[in-house]
Asker: 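Dumping the structure here so I can ask a few things about it.
Note that the structure is predicted; figures quoted are calculated from it, not measured.
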Amino acid sequence: MEIDPFIFRLSIFILSIFVGYYVVWSVTPSLHTPLMSVTNAISSVIIVGAIIASLSGDGERIFTSSSIYGFLAIILAAVNIFGGFLVTQRMLAMYKKKKKDK
Amino acid sequence: MSANLSAILYLVSGVLFILALRGLSSPETSRQGNLFGIIGMIIAISVTFLSVGNFSSGFIYVLIFLIFGGSIGAFIAYRIPMTAMPELVAGFHSLVGLAAVFVAISAFINPEAFNLGIPGNIKLASLIEMAIGAAVGAITFSGSVIAFLKLQGIMSGAPITFKGQHYLNALILISLVGLTYYLCSTQSSYLFWTLIAISFLIGFLIIIPIGGADMPVVISMLNSYSGWAAAGIGFTLENTALIITGALVGSSGAILSYIMCKGMNRSFFSVILGGFGGTEQSTNNQNKEQRPVKSGNADDAAFLMKNASSVIIVPGYGMAVAQAQHALREMVDTLKKNGIKVSYAIHPVAGRMPGHMNVLLAEANVPYDEVFELEEINNDFANADVAFVIGANDVTNPVAKTDPQSPIYGMPVLDVEKCKSVLFVKRSLSPGYAGIDNDLFYKENTLMLFADAKKMTEDITKNL
């Protein structure tokens, strides 16, 4: 009997939870705020679903009842992607070590 | 682009996201980590464009909306003050949640576009995944909106509780499961919309009873939810990048919630069930007589610190509210010029989100190797001359170690009272978010400085 592809995806999912578990425990507590903003940014990869949804219209009509939801989701996810990565960048740029000459 | 190639590239972007989180293990590698994250995102988006392969006029609109949303996001990212980070993160979580709901709705209306079957006859597994993604997304959305309103001060931070709340929530959760079951057997769009509406409601209901002090847990929890929502949609779309990311974000948020709960010595469930600070307050204020408090001014504080050889700063949410981090850094600079050793002690739940204080100090150019976590520095208080508590309260309360009756008993606290003298900057003697009196105020070696944190710090600097 062939294995359902769902099982493969489930395996990826479960293993990723474990990867996430160990990777996140190694994050230093002083960077927990950037961790939240960057996880927020990467979870916006949901935009791939939004893109597929928004390009689902047939050739003539771009805006169908389903593609409109896709376009809305693109806006929301794009706010998050740009906002999340840039604010993380801004925060991380502020973390500096003690100057040597002190 | 072939399906196999795009699947591999999605995997690559998933791995890049893992590396992005991995980079955060130290500030030196963190910037590189963020870059990996950005590359991963660019790959994921480009692959999606290429695999859909539909470069009709719809494609132009996708780009327009992408740039439109992106510029809003970039604008917010550059303008937001660091003190408003908790609100920002809560707001961003709500967007992920809502985006997940929209994608699920779109897939339900037009399943052919996603190869999930035809309307009215969607594959069973896809329908379940879609329902989970939509429900969790909706909960994330409404929960984050409430958290945002509470953090922003638009809504009172006080917990809102009513009789039968837990029964109502339990009932709604059970009805969600029932609805999903009927949705699968009937494929009715009415049921799908009802499911989403009820999920919005439950998100709202589970966050309103949670008080201001528990916000760090709530934000981490919503972070986790947004991940599970993304994973749910990832299963629907059969997309590896989304599944990996969802699992990463989900476990990241869960770990942060755990760390925050531990920092408050509270079980996850008691936080979720809410109502902290509302009920205990009344019982605690009853048998309290006026106790003597020593209070001083900036001059006294400056004198104490000038004669100290080591000072430990304990910042808390009050520092963020008063925007006192820059004034604080200037004070510390002056102290250092006088040859005084200064370090910072940060409690895990100081502020309104994990790591909130660290970001503010970093913003004020405080080197991160002068900033220490609770376990690293707690033994040093006994050897320090002055502890300067600015905007923190409950996390310094010795009651947590001495009084088993106290609601915060057992919570790890900073041993501030072991210092030779304690300077406590606060506006009044009012209790903190846990609604209990701080014994530290009445200790012999404590000098209360009643003033706005920023103003007091500036005054001390002048007097040094």
Asker: Please determine whether ring-ring contact (aromatic ring centres under 6.0 Å, His included) holds for the pair B/Phe235 and A/Phe13, giving the CA-CA distance in whole Å, both sets of side-chain angles, and the decisive distance to 0.1 Å.
Answerer: CA-CA 9 Å; B/Phe235 275 104; A/Phe13 180 63; 5.3 Å; yes
Asker: Using a 4.5 Å cut-off on heavy atoms from C-beta on, say whether the side chain of A/Val23 contacts that of B/Leu248.
Answerer: no
Asker: Pick one of side chain, backbone, both or neither for B/Leu88, based on which atoms fall under 4.5 Å of a heavy atom in chain A.
Answerer: side chain
Asker: Do the side chain of A/Thr33 and the main chain of B/His356 share a donor and acceptor less than 3.5 angstrom apart?
Answerer: yes
Asker: Consider only side-chain N and O atoms of B/Thr240 and A/Arg9, and report whether a donor and an acceptor are under 3.5 Å apart.
Answerer: no
Asker: Using side-chain heavy atoms (C-beta onward) and a distance below 4.5 Å, is B/Ser25 in contact with A/Thr28?
Answerer: no
Asker: With a 4.5 angstrom heavy-atom cut-off, which part of A/Leu10 approaches chain B: side chain, backbone, both or neither?
Answerer: both
Asker: Contact part of A/Ile46 toward chain B, heavy-atom cut-off under 4.5 Å: side chain, backbone, both or neither?
Answerer: both
Asker: Does any part of the side chain of A/Ser43, heavy atoms only, come nearer than 4.5 Å to the side chain of B/Val249, both counted from C-beta?
Answerer: yes
Asker: Please look at B/Tyr258 and chain A and tell me whether the side chain, the backbone, both or neither of the residue comes under 4.5 angstrom of a heavy atom of that chain.
Answerer: side chain
Asker: Using non-hydrogen atoms only, which part of A/Val48 is less than 4.5 Å away from chain B: side chain, backbone, both, or neither?
Answerer: both
Asker: In terms of heavy-atom pairs under 4.5 Å with chain A, which of B/Val359, B/Val89, B/Ile76, B/Ile72 leads?
Answerer: B/Val359
Asker: Please tell me whether A/Phe63 and B/Tyr61 form a close aromatic pair, meaning their ring centres lie under 6.0 Å apart.
Answerer: yes
Asker: List the atom of A/Met36, the atom of B/Pro354, and the distance in Å for their closest heavy-atom pair.
Answerer: SD-CD, 3.7 Å
Asker: Applying side chain to side chain contact (heavy atoms under 4.5 Å, CB included), run through A/Phe85 and B/Met41 and close with a yes or a no.
Answerer: CA-CA 10 Å; A/Phe85 279 124; B/Met41 189 60 76; 3.9 Å; yes
Asker: Assess, by modelled atom type and distance only, whether the side chains of A/Thr64 and B/Asn110 contain a donor and an acceptor separated by less than 3.5 Å.
Answerer: no
Asker: For a 4.5 angstrom cut-off between non-hydrogen side-chain atoms, does B/Pro27 reach A/Leu31?
Answerer: yes
Asker: Quick check on B/Val96 against chain A: is it the side chain, the backbone, both or neither that has a heavy atom closer than 4.5 Å?
Answerer: both
Asker: Is it the side chain or the backbone of B/Glu238 that comes within 4.5 Å of chain A heavy atoms, both, or neither?
Answerer: both
Asker: Report which part of B/Ile244 has an atom under 4.5 Å of a heavy atom belonging to chain A: side chain, backbone, both, or neither.
Answerer: both
Asker: How close do A/Leu55 and B/Gly58 get, heavy atom to heavy atom, and via which atoms?
Answerer: CD2-C, 3.7 Å
Asker: Is chain A contacted by the side chain of B/Leu66, its backbone, both, or neither, given a heavy-atom distance below 4.5 Å?
Answerer: both
Asker: Taking side chain as C-beta onward, heavy atoms only, is A/Tyr95 less than 4.5 Å from B/Asn358?
Answerer: yes
Asker: Does a side-chain heavy-atom distance below 4.5 Å link B/Phe92 with A/Val79?
Answerer: yes
Asker: Is there a side-chain contact between B/Glu363 and A/Met91 in this structure, where contact means two heavy atoms from C-beta onward sitting under 4.5 Å apart?
Answerer: no
Asker: Around A/Ile7, counting heavy atoms of other residues, nucleotides and ligands shown, do more than 12 lie under 6.0 Å from its CD1?
Answerer: yes
Asker: Identify the heavy atoms of B/Val103 and A/Ala50 that sit nearest to each other, and give their distance.
Answerer: CG2-N, 3.8 Å
Asker: Tell me the closest heavy-atom pair linking A/Ile42 and B/Thr245, and the distance in Å.
Answerer: O-CG2, 3.2 Å
Asker: B/Phe68 versus chain A, heavy atoms under 4.5 Å apart: side chain, backbone, both or neither?
Answerer: side chain
Asker: Please lay out, stage by stage, how A/Leu35 and B/Ser252 fare under the test side chain to side chain contact (heavy atoms under 4.5 Å, CB included).
Answerer: CA-CA 8 Å; A/Leu35 170 69; B/Ser252 157; 3.8 Å; yes
Asker: I'd like to know if the side chain of B/Arg31 and the backbone of A/Gln89 have a donor-acceptor N/O pair within less than 3.5 Å.
Answerer: no
Asker: Could you walk me through whether A/Ile68 and B/Phe102 pass the side chain to side chain contact (heavy atoms under 4.5 Å, CB included) check?
Answerer: CA-CA 9 Å; A/Ile68 285 173; B/Phe102 285 162; over 6 Å; no
Asker: Examine whether an atom of B/Ser220 lies under 4.5 Å from a heavy atom of chain A, and if so say whether it belongs to the side chain, the backbone or both; otherwise answer neither.
Answerer: both
Asker: Which heavy-atom pair separates B/Ala99 from A/Leu76 by the least distance, and what is that distance?
Answerer: N-CD1, 3.8 Å
Asker: Where on B/Leu256 is there a heavy atom nearer than 4.5 Å to chain A: the side chain, the backbone, both, or neither?
Answerer: side chain
Asker: Go through the atoms of B/Glu373 and report whether side chain, backbone, both or neither lie under 4.5 Å from a heavy atom of chain A.
Answerer: side chain
Asker: Could you report the tightest heavy-atom contact between A/His32 and B/Ile259, atom names first, then the distance?
Answerer: CE1-CD1, 3.8 Å
Asker: Roughly how far, to the nearest 0.5 Å, is CZ of A/Phe6 from OG of B/Ser126?
Answerer: 10.0 Å
Asker: Can you tell me which portion of B/Ala74 sits under 4.5 Å from chain A's heavy atoms? Options are side chain, backbone, both or neither.
Answerer: both
Asker: Against chain A, label B/Ala125 side chain, backbone, both or neither, depending on which of its atoms sit under 4.5 Å from a heavy atom there.
Answerer: neither
Asker: Which region of B/Tyr78, side chain (C-beta onward) or backbone (N, CA, C, O), has a non-hydrogen atom less than 4.5 Å from a non-hydrogen atom of chain A, or is it both or neither?
Answerer: both
Asker: Are B/His93 and A/Asn80 side-chain neighbours, meaning at least one heavy-atom pair lies under 4.5 Å?
Answerer: no
